[in-house]
Amino acid sequence: MNFLNRYWRRKMIGDIKHQKLLFFSIFFLCIFGVGSYVTLTMGYTNLYVSLDKIYEKTNFADVEINSHSDSWFNISKVDLFTKNYSLNNPGFNLVNYRLLTKSGYNSSMVTQENIRYQLTEGRAVGINWSLSSNERINDFIFEEGPSQFDNNSIYLEAHYAHSYDLHVNDSIQTRILGQKFNFTIRGIVYNPESLLVIPSRHDFLPTNRFGIIYLPLKSLQQYTNLTGFANNLIIEISPHLSDMEKESLISEFYTQLNAYTNNSFAPPTFQQYQVSNWAINMDLEEIQKIAIVLPILILGVASIAIFITLNRQVQSQRRIIGIASSLGYSPLDILVHYASFALILGLVGSIVGIVLGAILSGGITWIYAYFMNFPTIISIEVQFGVIFNGFVIGTLITFLSGVIPAIRANRLTPREALQGNIVIIKGKHSLFEKIFRIKSFRIRSTVPIRNFFRQKSRTIATVIAISASVMILVVSGAFNDSINHGISQQFTETSQYHISVNYEGFKFADLGLKDDINFISQLPGVVSVDPVLEMPSVINFNGKQREVLIRAWNSSNPSTHTFQWTSDTDQLLSKDGLVLTTGLARTLGVSTGAVISYGYPRIPYLTSALRAAEAIYNLWGGGERGRNKTIEYLNELITQNQDTLSFSREREEIVYRNKSITITGVTEEIWGSIVYATIPTLTKVLHIDDFKDSNISIDLSPCSKLILRIAEPNNLTLLEEIKSEISSMNEIRSITFGYDFQTSINITLTAFNVIVVIFILFACLLAGASIFTTIHINFQERSRESATMITLGLSDSEFLFIISIENFFQTLIGIIIGILPGLWLADWILSNALRLFYFSIKVSLQTWIILWGGVLLIVLISQIPAIIQGVKMDLAEVTKDISN
Amino acid sequence: MSALTLINLENVSKDYTMGEVEVNALSDLSLEIEKGKFVVLIGPSGTGKSTLLNLISAIDTPSNGRILIEGVDITFLTRKQRAQFRRHKIGFIFQFFNLIPTLTAVENVEFGLALVGVTDSSGNISYSTKDIHSTAMDWLDKVGLAHRARHFPSQMSGGEQQRVAIARALAKNPPIIIADEPTGNLDFRTGIKILKLMKELNKETQKTFVIATHNSQLAKIADFVISLQMGGVETYEQIPHDDLDNLIW
């Protein structure tokens, strides 16, 4: 084709050389758009592939089934059932039985961040170590140590080990059901179920606050007096089955198993809902969303830039087009020539973007894996599907944005093109002047205002480009500020505790709790002690259901917690209501005064009921009389509450159905799944008081943790002394310092800060490139009139002022337009990306100053090349140039 | 140099580079132009007409020699000083009119006036928008375009645009009006009208007009002719031919 001949090629190279900065800027935008798509898409795809590899290597369980809490099943009995079941169902590959218990650790170590943790929370997992590697489900990836156990050694989960710099042969003191054990670490391991260490969906703890140890099943059974028992079943299903077949198979298995074991098991948890996998997938989904939004923004700006650049190119080359037409080049040749600018930009930009994106995607994968402390099996692969998509999207968008100007060139007749008439811009009074009735002429205001409105499409394009950058900046700033403000408010104004003491289970008021409180209250430095009851629950509103953790205080106005009420109608904690956190209220769509339904999983109730019953049994002196009295109370409880309870002694099951309760307030806090109540409210709901005999005055108010305020919270020696005294008490699982917790969350959120910095850099580059492009084009298009103004005597500084004022207004409008969508996007990301937390949108004054100042500065810097060009132009030449 | 001399060029040369070729646009040119003259600069393309205009109007600087305007040497003025010089001393009329397309006719005139201000009845320089507007309207009236004051360049004919450009050049009361091919983009009749207007204004205001053209016929209407030829420069004074309607080009 003719357009490929060397003259056209030379012309094209010459045109590009002539406007190298401009074309480089557009080229950069193409690279940036395609590169961001490839980087992020390949990054998260790599992470998915890495996960698959880790899961495949470790034989990650397809399904997990737990027996109801505080109940265990006989392994031999269940094994007999599963073996029979697998004989009839060939897709049912493997079953492993495990014993899971709560545990606490006393590492006595100082973390790399100089934080001391003693008695941190955790989990002990007993596994059947005699199984061969082919038979093991949720197997380990060994970071350190041999793959063999002895009875006094444990494997420690790698995240926790890294936090405290623990290695093989280090010792760690563990508490299991109140008993202390000293173990030697035999190995540091990763496990697929704790790639992100999250205790449960409603209980987020930083990785250095929750340790998992793995030890032989028999040893753990021995420590817990549960020989022959387990409470966790993990299952591997044939990979050849479809998801639906798997679901059907497990559903059938679960039904039969529960029938066989008298409903001993909680519903199965499929792999996709396993808490670590669920949380990682949420993260990756967010990256996936960003991988769509960000390239759209950037490529959108790039296509606008290409459109206006080529439009300008066609306009300024009318004579060349005319000459070419006269010489016999067809309209198609001309169309192809101008469209090929966009095509080449798209092709080369896409290729470079793909290469850079592929390299950077490795970085994204690595950064994520590094911050999340993944095992080293990280897959960085070239994904041809992503490359193909990036190439097609990048090339197509840039090409299409160049086609319209090319068609315009193609439609010019030789006569029109050769006429070379001066292109006269249509002037008109701006809407702004009409509205404000501005009639007098002033160089410094009239000229910029008219220029601002002279080409609406150009102004809109510039404003869109600035808005896109502002959106990214607002998202980054709001993200950072909201998290910092949320954490700061939570730990300085809301949660005014300094030490938290966690019990193994529940402690009842007259059964030791009051003694503990008295003991702790008398310790030097302790100002107050608040008993707190925490228990999981499920709440429902209008069909929306959330798993939550109910946190209850003894008092309606606890000394260690100041609620941040969100409306005047909010009240203190009442005895008949719940207080929701903002995130939860928003997710459920409820506000103060709404009535929601809530229910308890059997877990806490059974624990409380049985412990209370046990307490009553003991109070009645045990023996036959005590047992009868206890059963009598339990039966009475059932009779009185038949509408809400069901009870079966044989199945040892007590289940509450959903009850209704009023929301009495909404407090602004960072927790995404916490609900507040009073202990009397929960005690009433749990019917614990029903265990009391009218002849015996006994307070069975339960408590699961104690919250302490200390006179000198910054006196670490004092804190350590108090901790040391408390750790000598019975039934204590863990003790944590408030400031440790805040620091831990800050460390966890470091990864987000990295993302914020990357976003800010992206935004600055995007703003700079897009603003440079539009300003450059604006200037080129007006070079004759600019030269005229300077020839007439306008000084350089006045010229600079006029240009700057116009750009300033464009920037101003761009910022204003970009702020709201930016805040909306930030809110959307904050409420979606961090589902365990909720951060209300806050933007600090500092961020606003940086945003406004930064964008204006970028604009000022971006206009420098155009202004230099303006100042240096040959006035005599340019005032005669009719193409401008 | 006589007391009437307004523009004085002494041994002025101008060389510049066009691509890789060195071009000698003007060579050792000396001439004097007196105040109030209607000067026509003629010569074929490439003889340095535009270069000479650019040097006189301080758009460009000479390679050698010196240029004095009203006795002041402008050869070595800084960029800022040259802008000030053009602002106060030169009125420009371009071949392609060069009106600011986003400004109305009167605003285009006001643009020039706003840079220098206007002299009020008490002889003071005023920058008030009212005074500037009033002066601009007076000048539009003088060029017969008061009724088109609120029109934009895109709404006016070429001749009208050039008249606005003349008003813009003269309104700020500069001693020199530089016009490079002022009729080059106009049809014959309109061109004649523009020349008539310029002549009239030259007589009325006693401003010095320096007009460059490739059309030797226009030399007939000049008081003073500078003929730039490949071989050298010829200057002569003459009694101008006032019957412009009978000019043929």
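It should be emphasised that the depicted structure is a prediction, and the values quoted were computed from it without experimental measurement. Every chain is numbered from 1, with letters handed out A, B, ... down the list of sequences.
One finds no salt bridge joining A/Glu433 and A/Lys428 here, because no Lys/Arg side-chain nitrogen approaches an Asp/Glu carboxylate oxygen to under 4.0 Å.
A donor atom on one side chain and an acceptor atom on the other are found under 3.5 Å apart for B/Thr190 and B/Asp187. A donor-acceptor contact closer than 3.5 angstrom is absent between the side chains of A/Ser786 and A/Arg784.
Within the 4.5 Å cutoff, the side chain of B/Arg148 has no heavy atoms near those of the B/Leu140 side chain. Considering only heavy atoms from C-beta on, A/Phe307 comes within 4.5 Å of A/Ile404 through its side chain.
B/Arg82 does not touch chain A: none of its heavy atoms, backbone or side chain, sits under 4.5 Å away. Proximity to chain B (any heavy atom under 4.5 Å) is shown, for A/Leu794, by both the backbone and the side chain. Residue A/Leu792 touches chain B through both its backbone and its side chain, counting heavy-atom pairs closer than 4.5 Å. Contacts of B/Thr51 with chain A are absent, with no heavy-atom separation under 4.5 Å from either backbone or side chain. Only the side chain of B/Lys172 comes within less than 4.5 Å of a heavy atom in chain A; its backbone stays farther off. Neither the backbone nor the side chain of B/Ile90 comes within contact range of chain A; no heavy atom of the residue lies under 4.5 Å from a heavy atom of that chain. At a 4.5 Å heavy-atom cutoff, the contact between B/Phe111 and chain A is made by backbone and side-chain atoms alike. Both the backbone and the side chain of B/Asn98 come within contact range of chain A, each with at least one heavy atom under 4.5 Å from a heavy atom of that chain. Using a 4.5 Å cut-off between heavy atoms, B/Gln84 makes no contact with chain A at all.
Here A/Thr791 is the residue among A/Thr791, A/Thr788, A/Ile443, A/Leu875 with the most heavy-atom pairs under 4.5 Å with chain B. Ranked by heavy-atom pairs shorter than 4.5 Å toward chain A, the options B/Ile100, B/Val116, B/Val106 are led by B/Ile100. Interface check for chain A: of the options B/Thr129, B/Asn54, B/Ile132, the most heavy-atom pairs under 4.5 Å are formed by B/Thr129.
Here the two rings, on A/His429 and A/Phe453, have centers that are 6.0 Å apart or farther.
Taking the centre and axis of the six-membered ring of B/Phe92, the NZ or CZ atom of B/Arg86 falls outside the cone set by 45° and 6.0 Å.
Few gaps surround CZ on B/Phe85; more than 12 heavy atoms of other groups in view lie less than 6.0 Å from it.
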